Chemist: 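Attaching a single structure in C-alpha cells format; questions to follow.
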Amino acid sequence: MNNIEEIKNRIDIVDLVSENVKLRRTGKNYTGFCPFHANTRTAAFVVWPETGTWRCFGECNEGGDIFRYIMKREGVDFKEALKILAERAGIELQPLTPQAAEQNERADLLRKILEETIVFYRHQLRTTDAGKKAQEYLRTKRGITAETEEVWGLGYAPDSWDALINHFKQKDYAVQDLIDSGMVTERDDGRVYDRFRHRIMIPIRDMYGKMTGFGGRVLNPDDVPKFMNSPQTILFDKSATLFGLDRARKAIRSANQAVIIEGYFDVIVPHQEGFENLVSPMGTALTETQMRQLKRFTRNFVLALDPDAAGQKATLRGLEVAREALDHEGEPVFNARGLIHHESRLKADLRVSTLPDDLDPDEIVLRDKEEWQQIVSNARPIIYHVLDSLMDGQDIDDPKAKSSIVAQILPLVNDIGSPVERDAYRQYIARALKIDESALAGTALSQPRSSRSPRRPRKDHISSAINQPVELTSEQEKLYRVEQEIIAHLCKTPENRFKINHFLEKHGLQHLSPTDFAHSENQEMLRIILESFTQGEMEQVKYIAERIDVAQLATEVNHSPLPEQEEKKEVPHLRHLEETVRLILTVRQINTKQALKELQFLQSDQAADKEEKLEKDSTMQTRQVELIRLRGLIDRALAQQIKFD
Ligand SMILES: [Zn+2]
C-alpha cells in the first residue's frame with residue numbers, strides 16, 4: 001500500500017468534512033449544505049463514505065476525494081494537501097530519491113540563511129544610525145507603522161560590501177551557501193560582496209509563507225535600480241512569485257477578489273489600512289504561473305497598474321496572460337461530469353482600474369480610503385479598457401485601423417461566456433468604432449465547430465454495449481487502474497492527445513481533463529502531463545520529471561512515466577489509440593453513473609421532506625438532465641466501434 005492509500009484508509013471522509021459542514025446521515029450516506037458556495041435552501045452536497053468521495057450538485061458542480069476536499073477548502077495544491085493529510089494521518093512522507101532529499105535539505109539551509117538575514121537587517125534598521133534614518137523614511141515618507149514594519153519584517157541592508165558576509169562567517173556559514181541564497185554575489189575574479197547595500201529590505205515569501213528572497217529599495221535616489229530583487233535561486237523565481245500572497249490569500253478568498261498592483265509598499269500600506277486582498281508581481285508582466293496561484297482563491301481579478309503608457313502596455317500584456325492561464329489550463333470551464341454543451345470559455349471576471357495620475361495605491365490609501373475603494377469598485381470590464389487602449393492615438397475613421405482593432409479585440413469578446421454580455425460588448429465596440437454590428441458577429445464565429453448540436457440520446461443505447469477492458473472486484477479499484485492506464489498510454493504516445501480530443505469532440509464530449517479522474521493523485525499526474533504539452537519552458541520529459549517529485553505519486557506510475565522515443569509502428573500505434581479512447585470513455589461512464597446515483601439519492605432524501613420537495617432546486621434538475629444526456633453520449637460513443645486510421 002502506498003502512502004496515498006494509507007492516508008485515505010486512515011482518514012474518515014465524514015470526520016474530515018464534518019469539521020466544517022453539518023452533515024445529516026441518511027442510510028449509508030450523508031448530505032449537507034455545500035461549504036464552497038453560498039446556499040441555505042437546498043442541501044446539494046453529498047458525502048459517500050463507501051467510495052470516500054464527496055460531490056456538490058449545486059453551483060460548484062464538482063466533487064472528489066479527501067485530497068480534492070482539502071485542496072478546495074484550504075486553497076492549496078495537491079502537494080500541500082498531501083502534506084496536511086499525511087500529518088493528520090500520522091504518516092511521514094519520504095522524499096522521492098536521495099537527490100530529492102538532498103535538494104530539500106539544501107532548500108531548508110538556504111531558507112535558514114534568509115530567515116537569519118531578516119534578523120540581521122532588522123537589527124541594522126533599529127539600532128544603527130543609518131538604519132534609523134531608513135526607519136524614519138518608512139515612518140514619515142511611506143506612512144508605515146512600527147507594527148507593520150515588524151509584521152512584514154522590514155529591514156535595512158547597511159552601506160557595506162561585506163557586513164552580511166562577515167555576519168555569517170562568524171557563524172561558520174560557507175560562502176558558497178551565501179552565494180546560493182542570493183544574498184552574496186560572486187565576481188568573475190572570484191571575489192564576493194554583499195548583494196544589497198544601503199537599501200530598505202523587504203522579505204519575500206511564497207504563498208505558504210516560506211522565505212524565498214528579498215526585495216530592496218534604494219534610499220539614495222541616485223542609486224539604480226530603484227527596486228532590486230534576489231536573483232534566481234532554487235528558492236526564488238520571480239516569475240512564479242506574487243508578493244504578499246501569503247498574507248493576502250485569506251482576504252482574497254473572503255472578498256472573492258484579488259487586486260493586482262505593482263510594488264511592495266503598494267501591498268504593505270493598503271494592508272496596514274485594512275485592504276488585504278492585494279498582491280504584486282515582481283516587476284514583470286503577470287505570468288501564467290502567478291495567475292494559476294491566484295485562481296485557487298478567486299476568479300475575480302482587478303488589475304490596478306501604473307497609469308503611464310508603459311503601465312497601460314503592461315496591463316494589456318498582463319491581460320493576455322490572464323486569458324491564457326485561465327483558458328488553456330487543461331481543465332474545462334465546466335465539470336466534465338456535468339455540462340457537455342459549453343465551449344471552453346473563460347470563466348473569470350477580469351477588470352481594470354486606472355489609477356489617478358502620479359499616485360501609487362499606497363499614497364491613495366493613505367490619502368483617502370474611500371477613494372481607493374471607489375477606484376477598485378469602478379474597475380471596468382477588460383473589454384472596455386482594452387478597446388480604449390487600442391483606440392488611443394488611432395484614427396478610427398481609417399478602415400485599416402478599424403479592422404486591426406477589431407482583430408485584436410474580438411478574441412477577447414469571444415471568450416466571454418455569457419451570450420448576453422457578448423452581445424452587449426459587440427454593440428459597444430460597433431458604436432465606438434462606428435461600424436455595423438453584424439460585421440462583428442460574422443467575424444466572431446469563424447471558428448468551425450463540429451457536432452455541437454445536442455442530439456437526443458436514444459433510449460436503446462443507454463447502458464448497452466459496455467466494453468469494459470478490465471474486470472475488477474470494485475468499481476473504485478477498477479477506476480483507479482483505468483486512470484493509471486490512461487496516464488501510461490498518454491506518456492507513451494503523447495501525440496495521440498489531439499486525436500483523442502478530436503474524437504471526443506466529434507461525439508459531443510469535452511476534451512480529456514484532470515477532472516475526468518476520481519482520484520486526486522491521478523488527477524495531479526494528468527494535470528502535470530497535460531501542462532507539459534502546453535508549456536514552452538523546457539523539454540517535456542524534464543518538465544514532468546521536475547514536477548513529479550512526490551514519492552507517493554511515483555510509486556504508482558514509475559512503470560512508464562515518461563514519453564519514449566520509439567519508432568512508430570503503424571498498426572499497434574493505432575490500436576493503442578483506440579484503447580486509450582475506450583479507457584477514457586469507460587472512466588467517464590463510471591463517473592457519470594456514480595454521479596447519477598448520488599443525485600438520485602440526494603433527491604429522494606429531499607423528497608422525504610415535504611416542504612423541500614416543493615422548493616426542489618431547479619439546478620439539481622438541470623444537473624440530472626445534463627448527466628442523463630452525458631451518459632447517453634458516452635454510451636453511444638462506446639457502443640460504436642472505435643476506430644482510427
Ligand atoms: Zn457547492
Side-chain angles (χ1 to χ4, degrees), residues 13-26 29-49 51-78 81 249-250 252-257 294-300 326 329 331-340 342 345 347-349 417-418 510 513-520 523 591-592 594-607 609 612 615-627 630:
I13 187 161
V14 176
D15 285 349
L16 185 72
V17 173
S18 295
E19 284 176 356
N20 61 320
V21 179
K22 196 159 175 278
L23 289 175
R24 186 176 120 178
R25 187 182 179 134
T26 320
N29 305 305
Y30 295 80
T31 60
F33 292 109
C34 172
F36 306 123
H37 77 267
N39 57 124
T40 48
R41 182 165 284 169
T42 320
F45 188 80
V46 196
V47 175
W48 212 258
T51 53
T53 55
W54 59 276
R55 198 187 311 258
C56 164
F57 287 99
E59 215 175 293
C60 311
N61 195 18
E62 71 163 287
D65 54 17
I66 50 172
F67 293 97
R68 183 76 206 136
Y69 188 78
I70 289 298
M71 284 163 78
K72 211 163 153 65
R73 189 176 83 183
E74 307 297 328
V76 295
D77 62 12
F78 177 76
R249 45 192 277 184
K250 264 206 182 120
I252 290 173
R253 194 205 301 272
S254 60
N256 192 17
Q257 180 190 60
L294 277 181
K295 204 168 57 85
R296 293 186 195 149
F297 308 105
T298 183
R299 282 182 179 261
N300 298 317
L326 291 158
E329 60 181 350
E331 283 173 38
V333 166
F334 292 91
N335 190 300
R337 292 201 183 101
L339 317 175
I340 55 161
H342 289 269
R345 296 220 182 262
K347 197 184 178 186
D349 187 48
S418 145
Q510 289 192 336
S513 116
T515 52
D516 278 331
F517 290 175
H519 299 86
S520 289
Q523 283 187 346
N591 285 333
T592 313
Q594 173 70 17
L596 271 168
K597 198 160 102 185
E598 289 169 12
L599 187 57
Q600 274 153 12
F601 164 77
L602 200 54
Q603 283 168 333
S604 66
D605 177 36
Q606 273 159 16
D609 192 332
E612 288 211 45
E615 294 282 358
K616 218 174 188 182
D617 189 350
S618 63
T619 322
M620 288 218 254
Q621 286 174 342
T622 318
R623 296 266 185 268
Q624 190 170 27
V625 173
E626 284 158 2
L627 282 168
L630 180 59

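Index from 1, following the sequence. All values reported here derive from a predicted model rather than from experimental measurement. In listed order, ligands and their atoms are each counted from 1. Only heavy atoms go into these numbers, but all of them, side chains included; no hydrogens, no water, no symmetry mates.
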Chemist: Measuring from M71:CE to F78:CZ, what's the distance to the nearest 0.5 Å?
Modeler: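 Rounded to the nearest 0.5 Å, the CE-CZ separation comes to 7.5 Å.
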Chemist: Tally every protein N/O/S atom whose distance to the Zn ion (ligand 1) is less than 2.8 Å; waters are neither shown nor counted.
Modeler: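 My tally for this metal is 4.
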Chemist: Stepwise, does the side chain to side chain contact (heavy atoms under 4.5 Å, CB included) test hold for E62 with T515?
Modeler: CA-CA 9 Å; E62 71 163 287; T515 52; over 6 Å; no
Chemist: Please report the interatomic distance CG(L627) to OG1(T622), rounded to the nearest 0.5 Å.
Modeler: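 Between L627 CG and T622 OG1, I get 10.5 Å after rounding to 0.5 Å.
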Chemist: Look up atom CD in E626 and atom CG in L599, then write down how far apart they are to the nearest 0.5 Å.
Modeler: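 Here the rounded value is 10.0 Å.
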Chemist: Could you walk me through whether I70 and L16 pass side chain to side chain contact (heavy atoms under 4.5 Å, CB included), step by step?
Modeler: CA-CA 9 Å; I70 289 298; L16 185 72; 4.0 Å; yes
Chemist: CH2/W54 to CD1/I66 distance, rounded to the nearest 0.5 angstrom?
Modeler: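 CD1 of I66 is found 12.5 Å from CH2 of W54.
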